[in-house]
Amino acid sequence: MGIELTRDSVAMGDDSRAPHLEIIEGATIGEVVETILSMPYLAYISGGKATWVVAAAGRPLAVVAEQWSEARYLVAPETAWEWKYVHVHFHGAHDPDEVFAELSAPGEHSPERRRR
């Protein structure tokens, strides 16, 4: 089963290519996130400090950042993938450690709360 991947646009020129749809495969959350990271898919921003949150069904699963060498997971990466759609939310140049800490806090359920 193919997973439909979309991401937020990061600039006006980027909007012309929206919804940035790709079809990917993966059996676990870790495999899906690693597939996303291995693609030239996430837009880079000036200064190299873009922060992204990978989410499915409104649930944040992982935080990725240009300045990190690997994703930080909000759920176990070996968890079976069970969704048809995944969306990667752009958090600009926000500190990825802060984004991760906020989403890891009890009661956090949506990356939308962190978006500005």
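By convention here, the first residue in the shown sequence is residue 1.
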Check your understanding: Under 3.5 Å, is there a donor-acceptor pair between the side chain of Thr51 and the main chain of His91?
Key -> no
Review point. Side-chain heavy atoms under 4.5 angstrom apart, residues restricted to Ile, Leu, Val, Met, Phe, Trp, Tyr: same cluster for Met39 and Val54?
Key: yes
Practice item. Grab the two heavy atoms, one from Leu74 and one from Ser104, that are nearest each other, plus how far apart they are. Key: CD2-OG, 3.3 Å
Review point. At what distance, to the nearest 0.5 angstrom, does CG of Asp95 lie from CZ of Phe100?
Key: 12.5 Å
**Study point:** Closest non-hydrogen atom pair between Lys84 and Gly2, with its separation
**Key:** NZ-O, 3.2 Å
Check your understanding: Atom OG of Ser9 and atom CZ of Arg7: how far apart are they, to the nearest 0.5 Å?
Key -> 6.0 Å
Check your understanding: Does CD in Glu70 sit with more than 12 non-hydrogen atoms of other residues, nucleotides or ligands closer than 6.0 Å?
Key -> no
**Study point:** Student check: side-chain heavy atoms of Val33 and Leu61 closer than 4.5 Å
**Key:** no
Point to revise | salt bridge (Lys or Arg N to Asp or Glu O under 4.0 Å) pairs, two or more places apart, involving residues 71-81 | key: Arg72-Asp97
**Study point:** Contact summary for Gln67 and Lys49, nearest pair of heavy atoms
**Key:** OE1-CA, 3.3 Å
Study note, to complete from the structure: To the nearest 0.5 Å, atom CZ of Phe90 lies from atom CG of Leu42 at 10.0 Å
Exercise for review: To the nearest 0.5 Å, tell me how far Asp8 CG sits from His89 NE2.
Suggested key: 6.5 Å
Practice item. Treat each ILVMFWY residue as a node, draw an edge where side-chain heavy atoms are under 4.5 Å apart, and state whether Val75 and Val32 are in one component. Key: yes
Study note, to complete from the structure: d(Ile29 CD1, Trp81 CH2) to nearest 0.5 Å is 6.5 Å
**Study point:** Atom pair OG1 (Thr35) and CD1 (Ile3), whose distance is rounded to the nearest 0.5 Å
**Key:** 8.0 Å
Check your understanding: At their closest point, which heavy atom of Val63 faces which heavy atom of Pro96, and how far apart are they?
Key -> CG1-O, 4.2 Å
Practice item. Any ring pair (Phe, Tyr, Trp, His ring centres under 6.0 Å) involving residues 59-79? Give me the pairs, sequence neighbours left out, ordered by first then second residue. Key: none
